[in-house]
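Sequential numbering from 1 along the given sequence is applied to the chain's residues. Heavy-atom basis, side chains included; hydrogens, waters and symmetry copies ignored.
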Amino acid sequence: MENLIETERLYLRKMSFSDRADIAAILQDKETMYAYEHAFSDIEVDDWISRQIVRYSEYGYGLLAVIRKEDGVLIGQCGLSWQDTPYGKVSEIGYLFNRRYWHNGYASEAAKAVKEFAFEKLSLKSVCSIIRDNNLPSINVALKNGMKPIGRFVKHYYGFVMPHTIYAVSFDKA
C-alpha cells in the first residue's frame with residue numbers, strides 16, 4: 001500500500017481489512033479503549049475499518065494505519081475525520097495506539113505529521129482533537145501538537161456521560 005505520510009520513524013497509509021488483526025488488537029483491548037468505556041466487538045471492529053475505507057473514497061482521508069519503519073509493524077492509527085460538535089463540523093486529528101507502543105512518542109510524531117499534511121496537502125485552515133477529559137495522554141499529544149482548548153461539550157455514549165474538550169490549532173502562514 002502507498003504511504004501517504006512519512007516521518008522519521010513511521011509510515012502512515014490507508015488501512016484495509018488485511019490490517020484487521022492489528023486494528024482489533026487495539027480496539028478490543030479494554031485498557032487501551034478506556035476513554036470509550038468498552039472494548040469493541042468483532043462487528044464494531046469491522047464497522048470501524050469500513051468507515052475509514054468509506055472516508056478515503058469520500059474525502060480522500062480518514063484514520064491511517066501507523067507502521068513502524070524499523071520492523072514494518074502496525075502500531076496504531078492516526079488521521080483525520082469529520083466530526084459533528086455543538087460548534088459545527090470540524091476536521092479532527094484522532095489517534096489510537098497499541099498499548100505495547102505507548103510512551104515512545106509515536107502518537108505525538110504521527111499527530112504532528114497529520115497536522116502538517118492537513119495544512120500543506122489538504123489546505124485545511126484548522127484542525128482539532130476532541131478528547132475526553134480523563135484522557136491525559138491524549139491531551140498531552142494535543143498540547144504537543146500546538147493545540148489549545150477552545151470549547152467543551154458532553155457526549156453520551158453507551159449510557160455514559162462523557163465530558164470532552166476540543167483542542168484546536170489554526171494554520172499559521174508565518
Side-chain angles (χ1 to χ4, degrees), residues 1-16 19 22-23 26-27 32-33 35-36 48-49 51-70 73-99 101-153 155 163-174:
M1 275 224 167
E2 174 189 2
N3 297 319
L4 297 178
I5 300 172
E6 183 176 348
T7 71
E8 181 182 335
R9 301 181 296 164
L10 307 169
Y11 295 116
L12 283 74
R13 62 161 172 78
K14 293 177 181 177
M15 71 176 73
S16 71
D19 299 314
D22 293 321
I23 298 300
I26 298 166
L27 298 176
T32 297
M33 300 302 290
Y36 286 76
W48 183 272
I49 296 169
R51 270 197 314 277
Q52 304 322 310
I53 293 168
V54 167
R55 287 173 175 158
Y56 304 149
S57 64
E58 285 184 4
Y59 306 114
Y61 55 83
L63 290 176
L64 302 169
V66 178
I67 311 300
R68 194 165 60 171
K69 283 181 177 181
E70 72 182 60
V73 172
L74 190 156
I75 63 169
Q77 48 192 313
C78 182
L80 292 163
S81 63
W82 285 102
Q83 299 292 330
D84 290 314
T85 74
Y87 307 99
K89 200 166 196 154
V90 296
S91 188
E92 180 191 24
I93 297 174
Y95 33 87
L96 279 167
F97 281 76
N98 185 306
R99 192 165 34 99
Y101 302 99
W102 288 2
H103 311 296
N104 290 292
Y106 294 127
S108 294
E109 184 174 334
K112 181 180 179 199
V114 168
K115 176 184 76 174
E116 291 168 1
F117 178 83
F119 292 156
E120 295 170 12
K121 303 287 187 204
L122 302 176
S123 300
L124 297 179
K125 302 296 181 222
S126 66
V127 290
C128 71
S129 289
I130 302 167
I131 304 171
R132 190 166 174 198
D133 289 357
N134 69 343
N135 191 343
L136 295 179
S138 286
I139 291 169
N140 287 331
V141 170
L143 294 173
K144 286 178 188 173
N145 208 6
M147 295 182 172
K148 306 278 187 237
I150 62 162
R152 292 178 47 90
F153 68 102
K155 285 186 181 185
H164 281 70
T165 299
I166 301 173
Y167 294 81
V169 62
S170 296
F171 178 67
D172 183 4
K173 295 176 188 166

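Partners of Lys69 according to the salt bridge (charged side-chain N to carboxylate O under 4.0 Å, His left out) rule, which considers only residues two or more places apart in sequence or in another chain, are Glu6. Arg132 is linked by a salt bridge (charged side-chain N to carboxylate O under 4.0 Å, His left out) to Glu37, counting only residues two or more places apart in sequence or in another chain.
Within the 4.5 Å cutoff, no side-chain heavy atoms of Ile5 are placed close to those of Tyr11. Counting heavy atoms from C-beta outward, Val169 and Lys115 have side chains that approach closer than 4.5 Å. Annotation: side chain of Leu122 is not in contact with side chain of Tyr59 (no heavy-atom distance under 4.5 Å).
Once rounded to the nearest 0.5 Å, the distance linking NZ of Lys144 with CD1 of Ile139 reads 13.0 Å. Distance check: Thr165 OG1 to Phe153 CZ gives 9.0 Å after rounding to the nearest 0.5 Å. Note that CZ of Phe97 and OH of Tyr106 are 9.5 Å apart. Values are rounded to the nearest 0.5 Å. Distance CZ/Arg68 to CG/Leu10: 9.0 Å, rounded to 0.5 Å. Note that CD1 of Ile131 is 5.5 Å distant from OG of Ser138, once rounded to the nearest 0.5 Å. Going from atom SG of Cys128 over to atom CD1 of Ile93 covers 8.0 Å, rounded to the nearest 0.5 Å.
Judged by distance alone, the side chain of Asp22 and the main-chain N or O of Leu74 form no donor-acceptor pair under 3.5 Å. A side-chain donor-acceptor contact under 3.5 Å links Tyr56 to the backbone of Met15.
A pairwise comparison of heavy atoms in Ala111 and Val141 identifies CB-CG1, 3.9 Å as the closest pair. Nearest heavy atom pair, residue Phe119 against residue Leu124, reads CD2-O, 3.1 Å. Contact detail for Ala118 and Val127: the closest heavy-atom pair is CB-CG1, 3.7 Å. Of all non-hydrogen atoms in Tyr167 and Pro149, the two that sit nearest each other are CD2-N, 3.7 Å.
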Side chain to side chain contact (heavy atoms under 4.5 Å, CB included) evaluation trace for Tyr95 with Ser129: CA-CA 9 Å; Tyr95 33 87; Ser129 289; 3.8 Å; yes

Working for salt bridge (charged side-chain N to carboxylate O under 4.0 Å, His left out), residues Arg13 and Asp19: CA-CA 11 Å; Arg13 62 161 172 78; Asp19 299 314; 2.8 Å; yes

CA sep, side-chain torsions, deciding dist, call: Phe171, Ser126, side chain to side chain contact (heavy atoms under 4.5 Å, CB included): CA-CA 6 Å; Phe171 178 67; Ser126 66; over 6 Å; no

Chi angles and distances behind the side chain to side chain contact (heavy atoms under 4.5 Å, CB included) call for Met33, Leu96: CA-CA 9 Å; Met33 300 302 290; Leu96 279 167; 4.1 Å; yes

Ile130 and Thr85: CA distance, side-chain angles, deciding distance, side chain to side chain contact (heavy atoms under 4.5 Å, CB included) verdict: CA-CA 9 Å; Ile130 302 167; Thr85 74; 3.6 Å; yes

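Between Arg9 and Glu70, none of the side-chain N atoms (NZ, or NE/NH1/NH2) sits under 4.0 Å from a carboxylate O, so this pair counts as no salt bridge.
If you run side-chain contact (heavy atoms from CB on, under 4.5 Å) between Gln77 and each of Leu64, Ile49, Ile26, only Ile26 comes through. The only member of Leu4, Ile67, Val114 that meets side-chain contact (heavy atoms from CB on, under 4.5 Å) when paired with Leu12 is Val114.
No more than 12 heavy atoms of other residues, nucleotides or ligands lie within 6.0 Å of CD in Glu8, so this atom counts as exposed by the packing criterion. Applying the 6.0 Å contact sphere to NZ of Lys121 captures no more than 12 heavy atoms from other residues, nucleotides or ligands.
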